[in-house]
Amino acid sequence: MPTPLRVAIAVQTLAVFLTPISAGLLLTMPSGHTLHSATAYTLFVVSMLHVLTAVLVWRPGGGSAKPILPAAVFLGLTLLQVFLGIAHVTAVHVPLGVLLFGFSLVQLSRIRPAREAAEAAVSEA
């Protein structure tokens, strides 16, 4: 997996990790709503950048198109999450947040270090 995609997935996972922390602050601090909103929109922007990175690695970069679908699905789910949060539909918003975190962790777990990926490519040839 190319380095820009590794970075995009790692930043996405960090953003999705920080969002429920700010949700906890939302419940305990007067300014928690602003912080949670900021982390939610940050996650949305990071998700858009992840899709853009996957497309750029594929088309001009000559890489695989496989990472585009998970990135686009994550972006769609993030958009749904933002809308559900704005509408205060917590019965769906909270479980979807857990799903997003798990989804991002799965993507992160599939990142192989460059050395390991190079060794796998050599052994396949």
Side-chain angles (χ1 to χ4, degrees):
M1 181 174 291
T3 301
L5 277 176
R6 293 171 200 250
V7 171
I9 293 170
V11 171
Q12 171 186 285
T13 304
L14 176 64
V16 79
F17 176 74
L18 293 175
T19 303
I21 293 172
S22 68
L25 295 175
L26 166 73
L27 301 172
T28 59
M29 294 175 40
S31 61
H33 176 62
T34 304
L35 183 59
H36 185 59
S37 181
T39 57
Y41 287 114
T42 299
L43 176 60
F44 181 69
V45 169
V46 167
S47 300
M48 287 191 317
L49 292 174
H50 181 194
V51 171
L52 178 64
T53 302
V55 170
L56 290 175
V57 164
W58 164 62
R59 197 62 178 152
S64 173
K66 288 181 183 179
I68 296 172
L69 181 61
V73 168
F74 192 89
L75 175 61
L77 290 174
T78 303
L79 182 61
L80 177 62
Q81 180 74 340
V82 169
F83 286 140
L84 290 170
I86 291 170
H88 301 287
V89 184
T90 55
V92 182
H93 182 73
V94 172
L96 182 56
V98 174
L99 176 72
L100 284 170
F101 184 62
F103 186 21
S104 193
L105 282 177
V106 167
Q107 287 181 309
L108 188 64
S109 72
R110 290 184 177 173
I111 296 175
R112 296 192 311 188
R115 177 179 290 160
E116 182 183 323
E119 290 172 1
V122 169
S123 66
E124 290 175 4

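- Listed for the S37 side chain is no donor-acceptor partner under 3.5 Å among the backbone atoms of T34.
- In this structure, Q12 contributes its side chain and L43 its backbone to no donor-acceptor pair below 3.5 Å.
- Side-chain N or O atoms of T78 include one that pairs as donor or acceptor with a backbone N or O of F74 at under 3.5 Å.
- In terms of heavy-atom proximity, T90 sits nearest to P95 at O-CD, 3.9 Å.
- Expressed to the nearest 0.5 Å, how far OG of S47 lies from CG of L52 amounts to 12.5 Å.
- Partner of V7 under the side chain to side chain contact (heavy atoms under 4.5 Å, CB included) criterion, chosen from V11, L5, I9: V11.
- At distances below 3.5 Å, at least one donor-acceptor pair connects side-chain atoms of H36 with backbone N or O atoms of T19.
- Nearest approach of P70 to F103, heavy atoms of both residues: O-CZ, 3.6 Å.
- Nearest heavy atoms, P4 versus V57: CB-CG2, 4.4 Å.
- Cluster annotation: L14 is connected to L77 through the hydrophobic network of ILVMFWY side chains, with a link wherever side-chain heavy atoms come within less than 4.5 Å.
- Following chains of ILVMFWY side-chain contacts shorter than 4.5 Å, one can reach L99 starting from V16, so the two form part of one hydrophobic cluster.
- Judged by distance alone, the side chain of T53 and the main-chain N or O of L49 form a donor-acceptor pair under 3.5 Å.
- Cluster membership for L79 and M48, using ILVMFWY side-chain heavy atoms within less than 4.5 angstrom, is shared.
- F44 and L100 are members of different hydrophobic clusters when ILVMFWY side chains are connected at heavy-atom separations under 4.5 Å.
- A distance of 9.0 Å separates CG in L108 from CZ in F101, rounded to the nearest 0.5 Å.
- For the atom pair OG1 of T13 and CG of L105, the computed distance is 6.0 Å after rounding to the nearest 0.5 Å.
- Note: the hydrophobic cluster containing V94 does not contain V92 (ILVMFWY, side chain heavy atoms under 4.5 Å, direct or indirect links).
- The nearest pair of heavy atoms linking A40 to V82 is O-CG2, 4.4 Å.
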